[in-house]
Asks: 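For reference, the structure I am asking about is given below.
Residue numbers start from 1 in every chain, and the chains themselves are labelled A, B, ... in the order their sequence lines are given, proteins ahead of strands.
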Amino acid sequence: MPVCRSRVFTSQLSPEMDGRVVHLLGWVHDVRDLGKIVFVLLRDKEGIVQLTIKAGSVPSEVLEIAKSLSREDVIHVEGVVKKSQIAKLGIEVIPYKIEVISKSDRVVPIDITGKTPADLNTRLKYRVLDLRRAENWAIFRIQHAVLQVIRSFLVERGFIEVFTPKIIATATEGGANLFRVDYFGKVAYLAQSPQLYKEQLCAVFERVFEIAPAFRAEKHDTNYHLNEFISVDIEMAFADMFDVMELLEDLIVEIYRSVKDRCRRELQVLGIDLRVPEKPFPRFKYSEVIDYLVERGIEVKWGDDLSTYHLKVFSERVGQQPYFIYYWPTALRPFYTKPCDDNPEESESFDLNIEWLEVASGGTRIHDKDLLERRIREQGLDPQSFSSHLQFFKYGMPPHAGWGLGLSRLLMMMLRRKDIREVVLYPRDRYRLEP
RNA sequence: GCCCCGGUCGUAUAGCCUGGUCUAGUAUGGCGGACUGUCACUCCGCCGACCCGGGUUCAAAUCCCGGCCGGGGCGCCA
């Protein structure tokens with residue numbers, strides 16, 4: 001077995017290394033056998049390099065092995081780096097040894113080189129193989145970059161990262177259905193949101209964030225819903241809606257800027273010319289959106305939720321710039337949302353949309369226990385079932401605000417993918433529980 | 001859950017409307033062969049498929065019904 005520590009990645013190869021001996025490990029991406037000369041493309045986590053095996057200039061057994069290789073074989077190569085004008089990357093490697101570490105079946109279910117495209121459904125069935133394609137290499141490296149930015153951005157602003165339980169006892173905080181699980185004979189549920197926990201924690205650490213899965217047992221069937229998704233949640237004490245909107249705005253700009261700067265190769269693979277949004281993002285009151293839609297002749301009235309169709313019409317006027325819709329009717333928001341002091345029908349709440357899709361939502365939360373209990377009742381819920389949460393509002397709950405951001409929704413819109421499943425490694429939807 | 005559309009080699013598709021010349025075409029892939037600079041190598045030969053069940057008919061990939069699966073639109077959705 002080859003040793004990892006002497007290994008060189010394809011990204012480390014350069015024309016300046018001309019003449020150096022290197023050890024490479026990776027997968028056979030493609031083989032072009034011209035008879036007395038064979039070209040093998042070796043792929044590792046960083047990229048692809050061409051191995052050139054020419055009769056007469058390599059040992060004859062190396063030529064034989066090269067001819068016998070098939071796509072996706074795992075190989076170990078020892079060879080000499082050669083500067084080359086003919087090879088596309090400006091370099092190639094002349095192997096003096098090729099060792100097959102792991103043989104692949106000759107027929108691979110999907111084409112990893114990307115020449116013969118497969119449907120999304122087929123790709124998801126063979127997801128691990130699909131993930132070897134350049135497109136996915138780019139998508140998930142960008143996702144990683146986004147996560148890094150989020151963490152460093154929030155940490156710089158005094159937030160600490162927390163983890164809240166995903167197996168919870170008490171039922172709902174609202175309408176969405178929860179998955180039931182058997183917890184040593186007791187009924188438990190998978191958390192649909194860290195909302196209540198992060199509010200409690202902001203009465204301790206003041207600024208907390210969590211990046212974790214959320215579960216929704218909803219039978220939706222769209223390109224932008226999943227039953228398990230990664231939610232980026234923050235909660236901030238002594239803050240209101242405007243504070244956390246500005247924080248979100250800064251974060252989004254920082255994400256775009258950083259991806260544009262650090263992921264050039266990835267964006268190039270995806271054919272994306274990323275435009276960094278400008279601050280401040282347009283802000284529209286919910287009532288303005290309704291007025292606009294009514295003007296356009298659409299039948300909708302104050303108090304209705306905005307459908308995808310409504311948002312598609314409205315977003316035409318905004319373009320690709322992310323924008324806020326704020327001051328939503330209190331009745332459309334969850335019970336913990338703070339109603340406006342001067343008009344309790346409206347609430348201090350907002351959504352952040354990119355085009356027609358809600359990417360994040362948040363607002364000022366209620367910190368007054370009596371008001372919170374009243375709102376729970378008004379939403380048709382039982383304050384009794386929230387008693388363990390409500391008790392902490394007796395012991396110094398600061399005013400606070402926060403938001404939740406759908407990581408994959410942001411990524412999907414940023415990278416202009418048509419389906420959220422494309423930007424999730426192993427998507428869980430209504431019909432898909434495997435792989 | 002509703003409306004519309006579809007299911008053909010490993011993958012992506014043509015054929016279906018107008019049933020029989022479909023022994024199901026093409027591309028890519030796989031196998032065998034030729035080729036010393038390919039980079040979607042090229043060229044020659046071969047391999048490989050009509051979602052399942054029922055019906056109509058002399059005859060079904062093709063028409064009809066049901067099921068399952070998939071795509072688009074909507075709904076559901078903190």
Side-chain angles (χ1 to χ4, degrees), chain A residues 29-41 48-58 63 66-68 70-72 82 84-90 92 94 104-126 129-130 133 172-178 191-196 198-199 214-227 229 231 233 305-310 312 328 330-337 347 349-351 358 360-363 365 375 379 381 402-404 406 409 418-419 421 429-432:
Chain A
H29 189 66
D30 208 357
V31 182
R32 278 187 276 277
D33 182 354
L34 274 65
K36 296 242 167 49
I37 182 165
V38 180
F39 300 97
V40 175
L41 300 183
I48 288 171
V49 71
Q50 175 170 282
L51 312 175
T52 301
I53 300 103
K54 212 187 295 193
S57 45
V58 299
L63 185 70
K67 281 174 170 297
S68 75
S70 51
R71 288 179 172 188
E72 302 311 311
K82 198 182 148 200
S84 160
Q85 281 91 10
I86 321 166
K88 260 193 175 167
L89 299 168
E92 55 191 8
I94 314 299
S104 167
D105 262 14
R106 301 202 81 96
V107 180
V108 180
I110 60 169
D111 178 12
I112 287 154
T113 67
K115 282 179 250 172
T116 308
D119 294 336
L120 182 59
N121 194 47
T122 309
R123 286 168 40 201
L124 291 174
K125 188 173 162 188
Y126 303 105
L129 301 177
D130 181 49
R133 295 185 311 118
T172 36
E173 313 150 20
N177 294 314
L178 302 174
Q192 62 172 199
S193 153
Q195 183 61 35
L196 304 186
K198 67 177 179 169
E199 286 192 57
F215 305 91
R216 306 269 163 100
E218 300 289 341
K219 291 185 175 175
H220 28 57
D221 212 350
T222 72
N223 292 334
Y224 50 95
H225 281 103
L226 289 174
N227 296 293
F229 62 94
S231 180
D233 273 275
D305 205 352
L306 298 174
S307 71
T308 303
Y309 170 68
H310 295 141
K312 275 180 181 163
W328 286 74
T330 307
L332 290 180
R333 304 302 273 202
F335 66 83
Y336 48 79
T337 308
S347 63
S349 60
F350 64 90
D351 280 358
E358 175 195 330
S361 77
R365 324 298 192 184
R375 289 293 305 136
Q379 297 265 19
L381 301 165
W403 43 253
R409 284 193 172 184
K418 290 205 171 63
D419 198 303
R421 292 163 184 81
D429 60 34
R430 186 175 171 181
Y431 303 105
R432 194 170 279 105

Asks: Closest approach to the side chain of Arg216(A), judged atom by atom: which nucleotide of G10(B), G37(B), C77(B) is it?
Replies: C77(B)

Asks: Report yes if at least one side-chain N or O of Arg430(A) is closer than 4.0 Å to OP1 or OP2 of G1(B); otherwise report no.
Replies: yes

Asks: Heavy-atom nearest nucleotide on RNA chain B for Arg333(A) versus Lys125(A): which residue maps closer to 5'?
Replies: Lys125(A)

Asks: Cut-off 3.5 Å, side chains only: do Asn121(A) and Arg421(A) have a donor facing an acceptor?
Replies: no

Asks: Using OP1 and OP2 only, check whether a side-chain N or O of Lys312(A) sits under 4.0 Å from C74(B).
Replies: yes

Asks: Now, which nucleotide makes the Watson-Crick or G-U wobble pair with C46(B), with each of the two distances under 3.5 Å?
Replies: G30(B)

Asks: Does Ser307(A) reach a base, just sugar-phosphate, or nothing at all? Heavy atoms under 4.0 Å.
Replies: sugar-phosphate

Asks: So what does Ser57(A) hit on the nucleic acid, given a heavy-atom distance under 4.0 Å: a base, only sugar-phosphate, or nothing?
Replies: nothing

Asks: Say you pick atom C1' in U26(B) and the same atom in A49(B); how far apart are they, in whole Å?
Replies: 14 Å

Asks: Would you indicate which nucleotide in G10(B), G71(B), G29(B) comes nearest to any side-chain atom of Asn121(A)?
Replies: G71(B)

Asks: What interatomic distance, in whole Å, is found between C1' of C64(B) and the corresponding atom of C46(B)?
Replies: 40 Å

Asks: Does a side-chain N or O from Asn223(A) land closer than 4.0 Å to OP1 or OP2 of G72(B), or not?
Replies: yes

Asks: Take atom P in C9(B) and the same atom in A24(B), then report the distance between them in whole Å.
Replies: 14 Å

Asks: Is the phosphate of A12(B) approached by Thr122(A) (side-chain N or O, under 4.0 Å from OP1 or OP2)?
Replies: yes

Asks: Report which part of the nucleic acid Gln379(A) touches: base, sugar-phosphate, or nothing (heavy-atom distance under 4.0 Å, all strands).
Replies: nothing

Asks: Pick the P atom in G55(B) and in A59(B), then give their distance to the nearest Å.
Replies: 12 Å

Asks: If you measure from the C1' atom in C52(B) to the same atom in C68(B), how many Å do you get, rounded?
Replies: 7 Å

